[in-house]
Amino acid sequence: MELWFTEWQTKNVGLTCRVKETLFMGKSEYQDIAVVDSQEFGRMLVLDGVFQTSVFDEFIYHEMIAHVPLFTHPTPQQILIIGGGDGGTLREVVKHTSVKQAEMVEIDGMVVEVCKKHLPEISVELNGNNPKVQLTIGDGIRHMKQANNKYDVIIVDCSDPIGPGEGLFTPEFYQDVYQALKEDGLFVQQTESPFYHQALLKRLAKDIRRLFPITNVYLAPIPLYPGGLHCFTMGSKKYSPIQVDTPVPPFATRYYNQQIHKSSFMLPNFIQDLLI
Ligand code: SAM
């Protein structure tokens with residue numbers, strides 16, 4: 001019998017993948033968790049029926065959410081990742097030799113354990129062997145309230161704004177992020193599809209701009225995500241991601257490079273209009 005899995009991206013549109021095998025299916029305190037092996041995308045993490053990452057295209061998302069902020073800051077040393085339970089963002093962050101400590105606060109310990117077992121190439125830095133990595137299983141919203149003037153870069157690698165991730169898309173959370181950053185700090189968050197989540201993108205840009213003098217949206221093509229084009233929103237206290245002279249990455253990358261860094265901030269008119 002053929003197996004297919006559909007993520008309903010809107011009420012009317014779905015992405016359907018032929019599945020070879022279901023490797024894990026379970027329920028944590030927070031969400032339904034599955035790992036399936038698919039024909040086109042390889043192994044994929046699915047939370048509450050939503051595709052989170054796949055071995056086929058994860059490099060684009062993880063390089064872009066990590067290297068754009070870390071190459072914008074001249075000396076990123078103290079890094080915080082909120083969410084990111086698959087470990088892909090952490091794997092990219094620790095490639096930067098300036099990083100002294102990479103903290104990750106993920107609410108769902110089961111996501112971490114499942115990814116360690118079934119997505120080892122993505123979760124490689126979650127194995128406990130890197131002294132720079134500090135993993136906490138806890139709520140990122142609560143964690144943010146306790147930090148003050150501590151981080152150079154904060155990366156919000158969250159799931160959709162429903163369930164445990166809902167509070168990560170609020171003005172109160174951004175105020176706490178601002179407080180937790182050093183005076184030249186910056187943060188980035190994945191902010192969904194420019195086709196299907198326009199109201200959200202507009203609201204977040206407004207909320208972030210109210211606090212951060214430099215606020216920019218950048219884009220990356222991600223086949224697994226709704227609409228195939230994904231937004232990231234950056235709030236920065238001092239450094240402009242467009243004006244900085246970014247270095248040639250001193251490690252191999254598959255998507256990110258100096259030209260992509262700058263060009264990812266060049267927005268088509270319909271997105272510029274949303275952000276006014
Ligand atoms: N790249 C993915 C995407 O854009 O769909 C997101 C990857 S990562 C798996 C998202 C993680 O955020 C999940 O593991 C989820 O448990 C975690 N998360 C959601 N709400 C959270 C919160 N309040 N604090 C910390 N982690 C949270």
Side-chain angles (χ1 to χ4, degrees), residues 7 9 15 24 26-35 41 43-66 80-93 103-116 118-119 122-123 125-126 134-147 154-170 172-174 176-177 180 187-194 196-197 200-201 204 218-233 255:
E7 172 191 331
Q9 300 184 332
L15 174 63
F24 177 85
K27 197 174 178 61
S28 74
E29 197 183 329
Y30 299 99
Q31 51 212 341
D32 292 327
I33 303 174
V35 178
F41 287 89
R43 278 164 287 120
M44 304 195 282
L45 173 67
V46 189
L47 298 180
D48 282 339
V50 177
F51 296 131
Q52 301 287 310
T53 195
S54 81
V55 295
F56 172 67
D57 68 352
E58 59 88 10
F59 66 99
I60 307 172
Y61 177 89
H62 292 129
E63 289 184 12
M64 288 302 279
I65 201 169
L80 174 66
I81 301 163
I82 299 287
D86 50 66
T89 300
L90 181 67
R91 181 195 65 198
E92 296 305 314
V93 161
E103 280 183 55
M104 185 174 127
V105 181
E106 160 62 55
I107 204 165
D108 197 337
M110 194 189 277
V111 172
V112 171
E113 291 313 314
V114 167
C115 291
K116 275 161 70 173
H118 295 289
L119 298 167
I122 301 178
S123 62
E125 290 294 343
L126 292 171
Q134 191 189 318
L135 170 65
T136 303
I137 301 302
D139 185 351
I141 301 166
R142 198 167 313 147
H143 178 89
M144 203 56 85
K145 291 199 179 301
Q146 294 148 8
I154 295 173
I155 300 175
V156 188
D157 181 6
C158 52
S159 23
D160 295 348
I162 41 165
E166 198 174 345
L168 299 168
F169 293 82
T170 62
E172 296 74 34
F173 176 70
Y174 299 132
D176 293 337
V177 168
F187 96 103
V188 67
Q189 178 169 23
Q190 73 82 9
T191 47
E192 310 281 282
S193 160
Y196 299 137
H197 306 109
L200 177 81
L201 194 57
L204 298 185
Y218 63 98
L219 301 171
I222 301 176
L224 189 63
Y225 292 167
L229 185 66
H230 206 70
C231 293
F232 302 84
T233 304
Y255 187 81

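Position 1 is the first residue of the sequence; numbering continues from there. Every number for a ligand or one of its atoms is a count from 1 in the order of the listing. FYI, side chains are in, hydrogens and waters are out, and symmetry mates aren't considered; it's all heavy atoms of this structure.
Ligand 1 has a nitrogen or oxygen under 3.5 angstrom from a nitrogen or oxygen of E106. The shortest N or O to N or O distance between I107 and ligand 1 is below 3.5 Å. Note: no N/O pair closer than 3.5 Å links H230 and ligand 1 by distance alone. By the 3.5 Å distance cut-off applied to N or O atoms, Y225 is counted among the residues near ligand 1. When only interatomic distances are considered, the shortest N/O to N/O separation between G140 and ligand 1 falls below 3.5 Å. Every N/O-N/O distance between D108 and ligand 1 stays at or above 3.5 Å.
Given atom 5 (O) of ligand 1, the protein heavy atom at minimum distance is Q52 OE1, 3.3 Å. The protein non-hydrogen atom at the shortest distance from atom 9 (C) of ligand 1 is D86 OD2, 3.4 Å.
A tilted orientation is assigned to the rings of F24 and H118, their planes being inclined by 30° to 60°.
In the vicinity of Q190, heavy-atom distances shorter than 4.0 Å reach the ligand 1 atoms 4 (O). Of all atoms in ligand 1, numbered sequentially from 1 with element shown, those under 4.0 Å from a heavy atom of V105 are 25 (C), 26 (N).
In summary, of the residues considered (E125, E58, E63), a salt bridge (charged side-chain N to carboxylate O under 4.0 Å, His left out) with R91 occurs for E58 alone.
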Audit row: D86, T53, side-chain hydrogen bond (donor to acceptor under 3.5 Å, both in side chains) steps and yes/no: CA-CA 8 Å; D86 50 66; T53 195; 4.8 Å; no

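Proximity of a side-chain donor or acceptor of E192 to a complementary backbone N or O of C231 within less than 3.5 Å is not detected.
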